Amino acid sequence: MMQIAVISMVRNEADIIESFVRHAASFADKLYIVEHASTDGTYEILQQLATEGLPLSVQQFSESEQAQAEIMTDLMEQAFAAGGDFVLPLDADEFLLPDGEQDMAWCREALLSVCKPTDIYQLPWVTYQTAEEYHGQQFILAMESQRESQSEELGKLLLGREAWEKTSFRLSQGNHHALLPGADGWQRLKPLPLNGVHLAHYSWRSSEQAASKVAVGWLANVAKYSRQTNLANHWRQGFYRLLAGEKMIRPLLKHGQPARIAPSCKARQLVYTKAQRGEVVLLRNVLLAAEQLANAYSEQQAASEQHKVSLLLPYLGEQEPFQQSFASVVAEDYPQVNLIVFPLGETASRDDWLLGFLEEQSEKTTKDIIYLQEQGDILWKDLWESADGEFIQWVFPGDILAKHKIQPMVTTLARHGNINFVLTNSLDHPALQPAKAQGTLVDLQLPDGFAIGDGNVYRQYLQEHQALLTGGLSAPLFRRQTMQRCGFCRDFLQGGVPQWQELWQAVLQDAIIGAMDTPLVEMHSQL
């Protein structure tokens, strides 16, 4: 059976994101969503929906710029690679509906029976508005609504896998066009018209939502294209109306009429959405977007200084967790690194698999990989010499680094010369819960977002409670001098069996640490 995938990039859509996901899941086999630096709870709602079991893959994009075309093209390729026959790119305020009274099962069957994976189709795009301002108080399609009688000149696309395999097209900003490079720049592929269904576009939901969207959207657009651009000009106009002290006013429909939405399309309940009202929504989102931009500038400045990081990845004899960690290291986007791989323990050192794996992977990555094959004193001497980065990042098998883990930690250490290392918590996942409930794994408690503290305080707590920090030893980024002082943790890694409590006691002793509230690792090694 052919499959439909929905892809989307969302930001600050907490009022509508649950409506969007529940509706899209009623006709699509899989949803691929990238959450872009939201400050209103959008990501948390997406996590809850994924935990509930909906066919939802959630990724995060933390950069400041509005890189929609690039992100959506990447999501499209992911969806096709996973077996999707059709990909439907949507924004969170767009809902696929039948033209008549049919239900969503009919809608899906109509698409699959009419459309061919060899083609690209254009869906009509129709402006909808709720009769009263919408703040997430109920499933949006259940609200009394008005709609334009005619669709917009632009439409949205339904993309066939074979068409993409044949041409390797990419998506435009806004997802209105499939593009191919040509002699005169990017050329638009001509889509086939599609009738019987349309996209309901709830572009206006409330004055607060509209103000936040144009303000944050324009800042993100400038971060990518600069102020000298006519892309997203509607955001520019709204942004400067806000600067002039004007309020966002609901646009009038040109030819409005009551929207007749089939009862079966309305029959969904919201579980995680909390209605938010008031101008504080705008102020909060804009201030946090400005903070993100300022932080991105600081990170760019630190990146230009080219601080080298040595990543240490030991092999302990288990292939699968090692491969998971290796993949996350290769995906990490910090450029100035060397990756040092070495077997630890007698069993691992006799395993010929590792060398063959590294030879195969070295052809697929541009990262500098150093393989240390010796054991005993020679290994640790070689490690001391090879790990010549200013900063040291351990990655223990099974742990997964966030794609943008190293740069914010490098920035912190580069700007705070008195810190020995900086660390963070683990991303939360079900395997952590029993140990956290028992108190054997503990999170850093950081109500203010960042703290500089005495490592001896943490050391004493961990010793008294026989606990470990949830981020594991893959969470910190160390200064090289700190690792040298601890002998690169050699005494606690003998035989390839880490002595976690003793290791933490050593690295925390007399250290000044910086603690971050953003989880940048998923820890499995200490479980």
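Nothing here was measured: the structure is a model prediction, and the numbers come from that model. The basis for the numbers below is simple: all heavy atoms, side chains too, and nothing from hydrogens, waters or symmetry mates.
Ring to ring, His177 and Trp186 are not that close: their centroids are 6.0 angstrom or more apart.
Taking a cutoff of 4.0 Å between a charged side-chain nitrogen and a carboxylate oxygen, Glu162 and Lys166 do not qualify as a salt bridge. The pair Lys403-Asp333 fails the salt-bridge criterion, with no side-chain N (NZ, NE, NH1 or NH2) lying under 4.0 Å from an Asp/Glu carboxylate O. Of the charged side-chain nitrogens involved, at least one lies within less than 4.0 Å of a carboxylate oxygen, so that Arg415 and Glu305 count as a salt-bridged pair. Taking a cutoff of 4.0 Å between a charged side-chain nitrogen and a carboxylate oxygen, Asp91 and Lys156 qualify as a salt bridge. In summary, Asp74 and Arg170 do not engage in a salt bridge, as defined by a charged side-chain N under 4.0 Å from a carboxylate O.
Surrounding NZ of Lys266 are more than 12 heavy atoms belonging to other residues, nucleotides or ligands, all under 6.0 Å away.
Applying side-chain contact (heavy atoms from CB on, under 4.5 Å) to Arg205 and the options Glu13, Glu133, Arg250 leaves one that passes, Glu13.
Remark: the Glu44 side chain and the Tyr272 side chain contain no N/O donor-acceptor pair separated by less than 3.5 Å. Using modelled atom types, one finds a donor on one side chain and an acceptor on the other under 3.5 Å when comparing Ser26 with Arg268. When only modelled atom types and interatomic distance are considered, His198 and Tyr128 share a side-chain donor-acceptor pair under 3.5 Å.
Looking at residues two or more places apart in sequence or on another chain, you find a side-chain contact (heavy atoms from CB on, under 4.5 Å) between Asn425 and Asp443, Leu444, Thr470. Every residue meeting the side-chain contact (heavy atoms from CB on, under 4.5 Å) condition with Thr127, not counting sequence neighbours, appears here in chain and number order: Glu148, Glu152, Ser203, Leu253.
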